[in-house]
Structures are given as C-alpha cells and as structure tokens.
Asker: 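Mind having a look at this structure? Questions to follow.
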Amino acid sequence: MGSSSNGDRPWQSYHTAYTNAKAGMDGVDKEKVQRVIYEMSKGSKYFESEKRKEAFLKQKIDNLQAQRAKLTDKDISHFQQICDKKVVDLEASRDLSKIWLHSDMDAFYAAVETLGNPALRGKPLAVGSLSMISTANYEARKFGVRAAMPGFIAQKLCPDLTFVPPNFEKYTYYSNLTRKVFQKYDPNFIAMGLDEAYLDITETCNNRGISREEFADELRHAVYEETGLTCSAGVAPNRLLAKVCSDINKPNGQFILPNDRNAVLSFISSLPIRKIGGIGKVTEHVLRDVLGINTCEEMLQKGALLCAMFSQCSTEFFLSVGLGLGSTGPPQHTLRKSISTERTFSATEEESFLFEKLADVAETLSKDMQKECLCGRTLTLKLKTATFEVRNRAVSLQKYIHSKEDILNYASKLLKAELPLSLRLMGLRMSQFRDDNLDPMQKTLTNFFISGEDATKSLTCISKSSGLEISDKQITNNGYLDSSIGNGSCFSNDSCNVSYESDYSLSNLLVEHNNNDGFGVNSVDDALSVKSNPSKREKMKELINFSEGEAVHLSNQKVEPLWVDDYICALCGIQLPPSFTEERQEHSDYHLAEMLQKEESTKMTRHLMQPERLVERTKKTGEGSRKKQKFSPKEDEHIPIEAFFIKCKKSL
DNA sequence: CCTGTCGTTCCCT
DNA sequence: TATAAGGGAACGACAGG
C-alpha cells in the first residue's frame, strides 16, 4: 500500500526535511544528492521510521481526498459564498502604510566561524558534527549539504567538508553586535532567533526621504561594518512578505517589494506556498495532493474547498496568504506557554542509565525555569524509542513546581510506567504556568539587578520571561530585550548554559519567595474545583505542603486515604474541617478511585502495552480524523487578521 | 455544551 | 564503525462536569 510508483528509482520517493532546496542550492545535482541520501539512509532505523511517518501522511491525504470527493456542487457553492465573504473582509484589512524590513544573516554560524579562522574561507564548511549539521556555508551547499542533515551523509556528498563544532557563545556575541545596529534604525525591532530581525522602517524612510533600496543597502553595510558578516534583506509592506523577500537574493543581497497592491498580488501569484513561513513539508504536501494547490494564488482559486475542508483558523490563514497579507502592527507579546528540554543519547534500556539521564534533564529544566521564574503544574515526559517512535506522557498536578527534586520525582513515575523500553531520547516539558500578578514585578526587579550587573549577559536569558519586556527596555543599557531572543538557538546543545551562571542565586531567591505565598490557595482551589462548591471552598484554606498531591499514584503500596488530625488529607494536603464528613468521604473516594484507575492503567501499560496502545490509536485516528472538519454554521463571525495571527500562527 | 487534560503533529532554525 | 536535533505552539480527541 505504501509503495509508490518509482520502483526503479526508489530514492526519488524518500524526502526528508533537508532534501528541500534552500537558498544557495541552485546548481546542485539534485538527483545525485537524493541518491546518496537514500543509499546512506536505507535500512537504518531512522529510515524505517521515516517511511512509517510517510505512510501515515499518505493515509491522511487519502482520507482528505475521500472527503473532498464527497462534496456536492451544492456544498461547493455554499462554501464559495463563505469564502467570498472572508476574502472581502480580509481585503478590507489590508494595510499598505507600513514598510517592514526583514534581515537574515547569511549562513550565520558558519560565517562567524570563518571570521574567527580565515583559513576556512572559501572551503566547504559545516557547523555541527557527524551526527547533525546546524549550518553549512555556501561552498558546502553547492554539494547539497545543508542544515538539519546528518554529518555523515554530508561527508559523503562532500568529502572535503570541514566540520566545526558549534560555539553558541560566539554566535550570541555576534548576534548582539547585529542587534546594536538594528537598534539604531528601529529601537523596537523584533529579533527572531540569533540571526534574524524585523525592523519597521516606515518612519525612517519617510523622515529621511530615502528609498527602501537605499535603506536596505545602508543597513546591510552597517551590519557588515560592525560585524564583518554579510546579511540579506527583504523589504515589503508586511512581515510575512518581508521574510519571503529576504530569501530571494541570498546571500548578501536584497529584494524590495513596493507597497502597492498590484505589486503584491503579482508577487504572490506565482510564489510556491512552501516559501511562506508556517507552511512546512506536511501542509505543502496536503495542499498539493488534495487540492492541487502549488502557488499562493491558487489558495484563492481553491478558496471554497479550503473553507470546506479546513478549520476556520487555517482557512483564514490560507486565504490571507493568497492575498499577500501579513502582520503590520507591533508584535503581540504572547506569553510563553511551555518550556522544555530534551537530550539524545545512544539507545539503551539500562534503567540506571535512563534514570540518571532523566535527572540531568530534570536539572536542566529546573534551571531553565528558574531563570524565568516559572512554576508549572503539568509535566510531560517525552520518549523516543530506539526505533524513533515518539511518546509523550503527562501528569497534571495540583500544585505548581519548579525544583529539580519535584520534577524528577514526577518524571520518574511517568518513566517507570513505560519501562522496560529501549530509548534514544528523553525530554521534559512543563506547562500550565502559574500566572500570578506578583511575578511581573519581581521579574522586573530581577531584570534590573541582572542588567545592572552585566546587561549583555542578561540579554539572552531574561528575554521572553514575560510580556512586560517593553517597559523594561530603558533599564537594560541597550534595550535588546525582545520577545524572541531566547527562541532561536535551535540546534544548540548548551547554548543557554554558557553565560548566565550569575543569575541563578537571585532568581532562586525570587522563586523561593513566590512559592511561599503563591500556591497554597491555588492548590486548594484546584483540588476542590472537582468536588466542592464555592461556598465551602471559601472555608478551606492553607494547605500543608505535602508533595504527594499529584494525580498519579503508581506506588504499589496500597495507600489508604488518610486524614491527618482528622481533617487534613494526607494525600493532597487539603483540609476539610471536621464538620465536613460527607465531603471528606467523597474526597477519599476520589483518591481511591484515582489510585485504582492509575494502578489499572499501569498494569495495562506494563503487560499489554502493544495491543492496548494500538487499540487506542486506531480508535482515535480511524474514527476521528474523518469528522474533524467543522462545517460550522457560525462561519460569519469575522476574526480580524491581527487576532488570527495571535491565535493561530505566530507567523509574522 | 464547555472545559481541562493528554498525546500528536507541525513548524522553525 | 555507526552515525538522524531541540524547542515551542497548535490541534484534535476525549472525559468529566
């Protein structure tokens, strides 16, 4: 079923993230690259896993095609109307008054390495290891080498390839230099990752009476003067388009799209959808194979089908892409919703090793959380098996935690339930943060102290901690605080551990402090929201800091719910006064049921793991994916484009 | 029906 | 010789009020 047409050229059907052409890959012999990748890959566990994933995607596409086939003419004309209305609304939101510039450093990590070691210049270079490449310079790209490709394959493609291990301290340093330049041209510039930024250059262009070309030229020169590195720029009426434009004349080039509706539409018309930020491999594939959409223009032509088959949210995004719309206003500061860390190692099922590794991961997560003064109550354990199958297991607690000990404690329980298992990766994610009102002030203070100490150091670490950075800008010397600085270092292994040691103690104190006044009330509320009504809830306050209040009890000891001093629940610390006999009974039952259920599921996991999981999965996907499309009647509420971007895609 | 939880999918660099 | 990342958000299913 999964076998597709190319029996004699099997490599043609194997596509990975890095087989997709990027800037600088024009003269590449794609066929050869593809064949080498295939030869090096086939038979590996990874390869098998990729094939499995491809089969799933194919299934998904088949389902969508079947669904599309069911649409009647009547359906279509109905959705055409809906589509037309949406398009009118979207068009009305078009704003051509702003000029945005997107700047993107050329092969950033590789360029920095070359700067530090001129002997590398002109030679094919990859930053990374034999396992994984972060960046390749343009000489290497000629061979088909690129980011996200494993090094051993790259080496096969380009035997003379030089490898340099990543050094994020250096990249951060140079990144800060570029930001110093951006800062001069737009104090409110938006940094994305280490090597990208958006600048609103409307004012400057107008005030200084210079053209966009001149501006982009000047900026790129200034960056070069400051850093010795080249960058590319794109200028357009919104951020989404600016980003597309900066890729067009890479490296060391620029592309300007005028603020003119016709220019935008003709630019967008032939643009492949994959160029749009937010449209990745899967979405591209789906839209192409199900609806025959290849270019942005076709988004509009197939608007009715899009409306019929995708959620409101997705549809509006697709249509706005077809119109060449994008955000023009200041970026909304969305608060971080989760924080995570993960590590890959050579696959093993030795439990002592796994628990040791888990402790490391827990420690890293705890430190990362403390840097940002975060406490969360949902902990997710991510596992990747030796066969590259990924699993997540989560617990939601009744209290907020951040310490290594707490994290490790709950994470261990989650892990135990899955063992024995051969793993190659473990990760931990915390979400459901406490959002008390005290925090922002404390963060501001933290920022203040830290920046007083050493503003540059604090940059990378504070950013993203809350939605309040803007107001803090005066405090840091250079105002680099930005929502997304901490976001970028994707390939980093330890990028974040480099420079912040000095913050720990202070952050720690503040977190400690939070703890003491924060969560008692929260926990009671949470726990009681299940079982008690508000008036009773009033009377319960103060709970003891028992750490066993979580929803999971995998312990084999049959713990009976106990009432300490007759009114404090030994399991979660809730206090139910003596008169509340009924409630206490109910509460005990609740814990009991929970434990039974948990034990049950643990047993299941242990002994019936395969069948159980499979059953679950088929139930979910088999039935589920068919009905997911909403033919919802409330199509007419128009969501403003700004709001859409907040909610659905963070694309800019 | 609404909401919280959990697992998966997707995207980005 | 073997060798394939790490981080974050959104989505979709489902269970419990």
Side-chain angles (χ1 to χ4, degrees), chain A residues 16-18 22 37 40-41 44-47 49-50 53 56-57 60 104-105 108-109 128-135 146-156 166 171 192-196 243 274 276-286 310-311 313-314 317 334-344 346-347 364-365 368 377-384 388-396 424-425 427 429 431-432 464 484 486-496 526 529-531 551 613 616-617 619-621 623-625 627-630 647-651:
Chain A
T16 64
Y18 48 84
K22 269 291 187 199
I37 293 174
M40 302 286 298
S41 301
S44 70
K45 299 246 174 73
Y46 178 79
F47 181 80
S49 159
E50 286 300 297
K53 282 193 225 160
F56 270 110
L57 178 56
K60 180 180 173 177
D104 192 346
M105 303 302 292
F108 185 50
Y109 299 168
S129 67
L130 279 184
S131 300
M132 184 55 61
I133 290 176
S134 300
T135 310
R146 52 159 295 178
M149 175 184 280
F152 67 93
I153 291 180
Q155 203 168 38
K156 194 78 170 185
Y171 312 147
M192 301 293 295
L194 288 176
D195 72 330
E196 286 181 47
K243 169 135 177 135
R274 187 63 160 85
I276 303 293
I279 298 184
K281 182 186 160 191
V282 172
T283 309
E284 176 191 33
H285 202 152
V286 167
F310 296 97
S311 70
C313 198
S314 312
F317 174 64
T334 50
L335 294 168
R336 175 200 274 289
K337 290 176 179 147
S338 71
I339 183 168
S340 69
T341 182
E342 66 191 61
R343 285 294 165 258
T344 296
S346 53
T364 306
L365 179 62
D368 289 350
R377 53 178 284 271
T378 296
L379 181 67
T380 304
L381 171 70
K382 172 177 172 179
L383 305 174
K384 193 188 282 179
F388 290 86
E389 181 197 341
V390 177
R391 290 183 199 172
N392 293 290
R393 296 293 178 261
V395 198
S396 287
R424 71 181 336 271
L425 171 146
R429 165 182 310 260
S431 50
Q432 301 261 52
K464 193 86 186 186
S484 32
N487 225 353
S489 48
C490 318
F491 291 101
S492 75
N493 284 327
D494 291 308
S495 62
C496 291
D526 288 349
S529 59
V530 192
K531 289 288 159 192
R613 300 276 177 225
E616 257 174 43
R617 183 168 309 155
K619 220 174 12 189
K620 273 174 192 165
T621 50
E623 275 300 271
S625 56
K627 61 141 246 182
K628 86 177 164 215
Q629 268 59 38
K630 17 188 144 191
K647 202 176 138 216
C648 319
K649 301 273 167 192
K650 63 278 141 190
S651 38

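The analysis underlying the following values was restricted to heavy atoms, covering all of them including side chains, and did not include hydrogens, waters or symmetry mates. Here is how names work: the chains are called A, B, and so on, in the same order as the sequence lines, proteins then strands, and each is numbered from 1. What you see is a predicted model; the values in this text were computed from it and never measured.
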Asker: Take the protein atom NZ of A:Lys281 and the nucleotide atom P of B:dC12, then report the distance between them rounded to whole Å.
Answerer: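 Rounding to the nearest Å, NZ of A:Lys281 and P of B:dC12 are 13 Å apart.
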Asker: A:Lys382 near the nucleic acid: base, sugar-phosphate alone, or nothing, with a heavy-atom cut-off under 4.0 Å?
Answerer: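 It contacts nothing in the nucleic acid.
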Asker: Indicate, yes or no, whether a donor-acceptor pair under 3.5 Å links the base of C:dA2 to the side chain of A:Ser44.
Answerer: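 Such a pair does not exist between side chain and base.
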Asker: How far apart are the closest heavy atoms of A:Tyr109 and A:Tyr171, and which atoms are they?
Answerer: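 Closest approach of A:Tyr109 to A:Tyr171: CD2-CD1, 3.4 Å.
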Asker: With sugar-phosphate meaning primed atoms plus P, OP1 and OP2, does A:Leu365 contact a base, only sugar-phosphate, or nothing at under 4.0 Å between heavy atoms?
Answerer: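 If one applies the 4.0 Å heavy-atom cut-off, A:Leu365 turns out to touch nothing in the nucleic acid.
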Asker: Which pair of non-hydrogen atoms, one from A:Thr378 and one from A:Gln432, has the smallest distance, and what is that distance?
Answerer: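 So the two residues come closest at OG1-CG, 3.0 Å.
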Asker: Applying side-chain hydrogen bond (donor to acceptor under 3.5 Å, both in side chains), name anything that partners A:Lys53, two or more places apart in sequence or on another chain.
Answerer: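 Partners of A:Lys53 under the side-chain hydrogen bond (donor to acceptor under 3.5 Å, both in side chains) test: A:Glu50.
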Asker: Using only modelled atom types and a 3.5 angstrom limit, is any donor from either the side chain of A:Arg336 or the base of C:dG8 paired with an acceptor on the other?
Answerer: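 No pair found.
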Asker: Give the rounded distance in Å between these two atoms: CE of A:Met132 and P of C:dT3.
Answerer: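 Checked: the CE to P distance equals 13 Å.
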Asker: Any base atoms under 4.0 Å from A:Ser346, or only sugar-phosphate, or nothing? Heavy atoms, all strands.
Answerer: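 Since no nucleic acid heavy atom lies under 4.0 Å of A:Ser346, the category is nothing.
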Asker: In whole angstrom, give the distance that lies between atom CG of A:Leu381 and atom P of B:dT8.
Answerer: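 For the pair A:Leu381 CG and B:dT8 P, the rounded distance is 12 Å.
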Asker: Distance check needed: B:dT8 P versus A:Arg391 CZ, whole Å only.
Answerer: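 So the two atoms are 9 Å apart, to the nearest Å.
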Asker: Would you kindly give the CZ-to-C1' distance between A:Arg424 and C:dG6, to the nearest whole Å?
Answerer: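 Atom CZ in A:Arg424 sits about 13 Å away from atom C1' in C:dG6.
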Asker: What integer distance in Å separates A:Glu284:CD from B:dC10:P?
Answerer: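 So the two atoms are 13 Å apart, to the nearest Å.
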Asker: Rounded to the nearest Å, what distance is computed from the CG atom of residue A:Leu194 to the P atom of nucleotide B:dT13?
Answerer: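 Answer to the nearest Å: 12 Å.
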Asker: What's the shortest heavy-atom distance between A:Gly280 and A:Arg274, and which atoms?
Answerer: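 For A:Gly280 versus A:Arg274, the nearest heavy atoms are C-NE, 3.4 Å.
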